[in-house]
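Just below is one structure, and these are the notes that go with it.
The shown structure was predicted, so the numbers you read here are calculated from the model rather than taken from an experiment.
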Amino acid sequence: MGGHETFARIVREFYRGVADDPALRALYPEEDLGPAEERLRMFLEQYWGGPSTYSEQRGHPRLRMRHVPFAVTPTQRDRWLHHMLAAVDTVDLDPQADAALRDYLVRAANMLVNAPDPA
């Protein structure tokens, strides 16, 4: 998938978009996005076969359980995917890896929706 530098770039670009997106920024209670950026990078590295640093520091990922405290709406999912897929566009992955990463990100984002959009 490209290793540490690839995931660091993707996640850095993703959070650059999050910082300027009020609808999505609301999902991140910390003023400093740096810790969230580090957690996501470690998670992605581990998921795609890299070091198990995420689990060593934070325990089992339990992706859905960790997001339950946050109301993730379809609109927020769409904003998350917009920024994440734009971040993936900034790296040069081989077509098979690119397709696998995008498929995973879409499936994960859909799984985390746990609230309706406000009426």
Side-chain angles (χ1 to χ4, degrees):
M1 200 51 76
H4 173 81
E5 288 306 318
T6 296
F7 287 114
R9 182 169 181 178
I10 291 170
V11 172
R12 183 175 52 251
E13 291 298 320
F14 168 72
Y15 279 105
R16 190 171 287 153
V18 168
D20 295 326
D21 187 328
L24 193 55
R25 183 65 174 89
L27 289 177
Y28 297 87
E30 297 171 309
E31 182 68 28
D32 178 11
L33 290 172
E37 183 176 331
E38 183 177 357
R39 290 188 299 268
L40 179 56
R41 180 193 45 76
M42 288 188 307
F43 170 77
L44 289 171
E45 286 176 344
Q46 178 175 307
Y47 182 86
W48 293 99
S52 58
T53 310
Y54 182 93
S55 289
E56 291 165 8
Q57 291 184 11
R58 302 193 38 89
H60 188 281
R62 295 184 185 99
L63 194 57
R64 189 157 170 84
M65 183 195 79
R66 289 187 189 271
H67 290 81
V68 165
F70 307 100
V72 181
T73 69
T75 296
Q76 289 167 321
R77 173 207 54 213
D78 294 346
R79 299 303 307 152
W80 189 93
L81 279 170
H82 168 78
H83 294 295
M84 183 57 76
L85 297 178
V88 172
D89 288 342
T90 68
V91 296
D92 186 29
L93 297 174
D94 73 67
Q96 186 175 5
D98 186 83
L101 179 57
R102 289 172 192 275
D103 177 67
Y104 170 76
L105 294 169
V106 169
R107 286 185 295 108
N110 284 323
M111 175 192 68
L112 294 176
V113 172
N114 62 9
D117 281 317

If you look at every heavy atom in [X] and [Y], which pair is closest and at what distance?
X      : Y      : result
Ile10  : Ala87  : O-CB, 3.2 Å
Val18  : Leu24  : CG2-CD2, 3.6 Å
Leu101 : Val88  : CD2-CG2, 3.9 Å
Pro22  : Asp20  : CD-O, 3.5 Å
Val72  : Leu112 : CB-O, 3.3 Å
Ala71  : Leu27  : O-CD2, 3.5 Å

_Distance, nearest 0.5 Å, that separates CG of Asn110 from CG of Leu81_ = 7.0 Å
*State the CG-CD distance between Asp89 and Glu13, to the nearest 0.5 angstrom.*
10.5 Å
Test of understanding: with salt bridge (charged side-chain N to carboxylate O under 4.0 Å, His left out), list the residues that count as partners of [X], not counting sequence neighbours.
X     : answer
Arg39 : Glu30
Glu45 : Arg41
Glu56 : none
Arg9  : none

*Cluster overlap Leu40 with Leu63, hydrophobic side-chain contacts below 4.5 Å*: yes
*If a pair satisfies ring-ring contact (aromatic ring centres under 6.0 Å, His included) and one of its residues is in residues 70-103, list it, with sequence neighbours excluded.*
Phe14-Trp80
_Sequence neighbours excluded, every pair satisfying ring-ring contact (aromatic ring centres under 6.0 Å, His included) that has a member inside residues 24-45_ = Tyr15-Tyr28, Phe43-Tyr54
*asked:* Could you check whether atom CG of Asp103 has more than 12 heavy atoms from other residues, nucleotides or ligands sitting under 6.0 Å from it?
replied: yes
*Hey, mind stepping through Met65 and His60 against side-chain contact (heavy atoms from CB on, under 4.5 Å) and telling me if it holds?*
CA-CA 10 Å; Met65 183 195 79; His60 188 281; over 6 Å; no
*Residues in side-chain hydrogen bond (donor to acceptor under 3.5 Å, both in side chains) with Ser55, at least two apart?*
Gln46
*Taking side-chain hydrogen bond (donor to acceptor under 3.5 Å, both in side chains) as the test, write out the residues that go with Arg62, two or more places apart.*
none
*Please identify each residue that fulfils side chain to side chain contact (heavy atoms under 4.5 Å, CB included) with Ala97, with sequence neighbours left out.*
Met1, Leu93, Asp94
*Return the set of residues passing side chain to side chain contact (heavy atoms under 4.5 Å, CB included) with Asp117 (not counting sequence neighbours), or none when no residue passes.*
Thr73, Pro74, Thr75
*Quick one: ring pair (Phe, Tyr, Trp, His ring centres under 6.0 Å) partners of Tyr47, sequence neighbours excluded?*
Tyr104
*Would you say Glu38 and Leu33 make side-chain contact, with heavy atoms under 4.5 Å?*
no
*Only pairs at least two apart or in different chains count here, so list each salt bridge (charged side-chain N to carboxylate O under 4.0 Å, His left out) that has a residue in residues 71-81.*
Asp21-Arg79
